[in-house]
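We use all heavy atoms of the structure for the numbers below, so side chains are in, but hydrogens, waters and symmetry mates are not.
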Amino acid sequence: MLKRFFPIFLFAVLTCLPDNVLYADGNAGSAPAFKKVVLSREFFAEGSHYGDFNKDGKLDVIAGPYWYEGPDFVKKHEIYAVKAFDPKAYSDNFTCYGADLNGDGWDDVLICPHPGTRGYWFENPKGGAGHWKKHFTVPELGNESPQLVEIHKGAGKSLLYNNNGWLGYATAKLKNGVTQWDFLAISTKERRFERYTHGVGCGDINGDGRIDIIEKNGWWEHPEDSTRVPWTFHKQKFAVAASQMFVFDVDGDGLNDVVCVWQCHLYGLSWYKQIRSAEGKIEWQRHDILADDPDKAPGALRISQMHALAVADINGDGLPDLVTGKRFWAHGPKGDIEADAPAVLYWFELKRDGKGGASFIPHKIDDDSGVGTQVTTVDLNGDKVPDIIVSNKKGTFLFLSER
């Protein structure tokens, strides 16, 4: 029942430019330019997303209690009662999504609140005034990076998360005119699937056309009959504490690989090359993009607290790139390593060498925003280049690409 979301090079002249235009460092003619737009300096949420909430054909932005009208994002509207949070603490909004959840043709807002609490969504009033009507989804929404993803190809989106010891997903379905959420546990019951579990994702690992589910300790193979549970588990240490996890072909060999953060409260960003034996057995070879034990020398690139990760073709070369950055004060001003380091935002450009190898080239976008527990990429301004939305303890920001 979930409506499909909207689908997801610039030559920079380095003189006579507005101060708020930030240019990614890289080769001229390939790296995009980004204009930073500050929507708020208050801490409302650590997740943000988009949708066409007034049905004018333009994408709008959601972050915390507000939705901002595209295409200029100046006018904002309250979805629910406004409450700013103390940056030393936490919000009740870790991730959010815009989607038509009741089949009426209007985008609603799905909220994944503090992990382990009850999820909820707000019904679009179809242009009506006042706060949106609140509905509940699932009773316990665990994991710090739940994702709204396609588990069954062509069947719409499902919410991927864990619930009181079980890994699985819930799908919104209309029953007697009411949106209900049915959770399907695909795993055995395990203690590691607790409310503050870090990292989950999905993709077709083995090339059978079905979407498998990945987590930090391995991947769960999607059976031909999805209702046959548990799914088969394949052990692999992908991470200690991931954020969002992704499956795509990094090196162009026709096999899908895995990309994830190694420890989202410390360091490390890696991709795992899928290797097939002559017998068809799947094995993995780790390649570090950013080391989990980084060089601390001045000038060396290291990013701590990479608690959000996104994938998008930033430079239009047909290859998927990465977007991530630092989550500022993840556990307050003294709770994490390098808590007060600049809240940087980066994109990592995928380069293939044509010999089966691949690398990711870092490009800095900003150093006073970072990410929250979600970073969103989507073309907001219609120039066919992905833009970036972040909301966190620094505020809410857009980075609009400019040709």
Side-chain angles (χ1 to χ4, degrees), residues 2 45-49 90-97 99 109-121 136-151 157-172 181-203 211-220 222 229-231 233 235-247 258-266 268 305-311 324 327 330-331 371-376 391-392:
L2 295 176
E46 295 211 63
S48 50
H49 210 253
Y90 307 99
S91 75
D92 62 358
N93 190 324
F94 268 52
T95 61
C96 66
Y97 295 95
V109 173
L110 172 65
I111 303 293
C112 301
H114 194 90
T117 58
R118 191 171 190 182
Y120 50 91
W121 64 280
F136 288 102
T137 57
V138 294
E140 181 180 303
L141 212 170
N143 203 294
E144 296 198 13
S145 306
Q147 296 195 62
L148 195 63
V149 291
E150 187 179 74
I151 302 295
K157 305 275 185 168
S158 298
L159 188 60
L160 177 60
Y161 65 104
N162 52 262
N163 177 16
N164 193 28
W166 306 92
L167 176 65
Y169 58 93
T171 305
W181 298 76
D182 297 322
F183 178 75
L184 176 66
I186 62 96
S187 72
T188 51
K189 188 170 186 179
E190 302 184 25
R191 294 182 64 183
R192 74 175 186 266
F193 297 133
E194 48 88 25
R195 64 187 299 182
Y196 297 117
T197 298
H198 286 74
V200 70
C202 65
I211 302 298
D212 309 301
I213 291 176
I214 56 174
E215 40 108 344
K216 64 180 183 178
N217 290 309
W219 61 283
W220 297 81
H222 193 151
V229 294
W231 295 6
F233 179 65
K235 187 176 181 180
Q236 168 63 37
K237 191 69 173 181
F238 288 124
V240 174
S243 53
Q244 292 81 4
M245 304 174 72
F246 294 94
V247 176
V258 170
V259 181
C260 61
V261 170
W262 175 252
Q263 221 295 10
C264 67
H265 289 297
L266 292 171
Q305 320 299 323
M306 288 180 285
H307 213 300
L309 180 67
V311 174
T324 188
R327 180 187 177 195
H331 295 119
V371 299
T373 47
Q374 181 182 26
V375 55
T376 296
S391 187
N392 50 47

Donor-acceptor under 3.5 Å ([X] side chain, [Y] main chain):
X: Glu144; Y: His198; value: no
X: Glu194; Y: Tyr196; value: yes
X: Thr324; Y: Ala308; value: yes

What do you reckon, are the aromatic ring centroids of His307 and Phe94 less than 6.0 Å apart?
-> no
Contact summary for [X] and [Y], nearest pair of heavy atoms:
X: Ser187; Y: Gly165; answer: OG-O, 4.4 Å
X: Pro113; Y: Thr117; answer: CG-OG1, 3.2 Å
X: Gly168; Y: Phe183; answer: C-CE1, 3.5 Å
X: Leu309; Y: Phe246; answer: O-CE1, 3.2 Å
X: Val200; Y: Pro146; answer: CG1-CA, 4.5 Å
X: Ala310; Y: Val375; answer: CB-O, 3.5 Å

With side chains defined as the heavy atoms from C-beta onward, is the minimum distance between [X] and [Y] less than 4.5 Å?
X: Ile214; Y: Val258; answer: yes
X: Tyr120; Y: Val138; answer: no
X: Leu160; Y: Cys202; answer: yes
X: Trp181; Y: Leu159; answer: yes
X: Lys157; Y: Tyr169; answer: no
X: Ile111; Y: Thr95; answer: no
X: Arg195; Y: His114; answer: yes
X: Val261; Y: Gln263; answer: no

To the nearest 0.5 Å, tell me how far [X] [atom1] sits from [Y] [atom2].
X: Thr197; Y: Arg191; atom1: OG1; atom2: CZ; result: 12.0 Å
X: Ser243; Y: Lys216; atom1: OG; atom2: NZ; result: 13.0 Å
X: Trp262; Y: Phe238; atom1: CH2; atom2: CZ; result: 10.5 Å
X: Cys112; Y: Leu148; atom1: SG; atom2: CG; result: 8.0 Å
X: Thr137; Y: Leu110; atom1: OG1; atom2: CG; result: 6.0 Å
X: Met306; Y: Leu266; atom1: CE; atom2: CG; result: 10.0 Å

Indicate whether any N or O donor in one side chain lies under 3.5 Å from an N or O acceptor in the other, for [X] and [Y].
X: Asn217; Y: Lys235; value: no
X: Glu215; Y: Trp220; value: yes
X: Thr171; Y: Ser158; value: yes

Going by the angle between their ring planes, with limits at 30° and 60°, are Trp231 and His222 parallel, tilted or perpendicular?
-> parallel
Between Arg327 and Glu46, is there a side-chain N and carboxylate O pair less than 4.0 Å apart?
-> yes
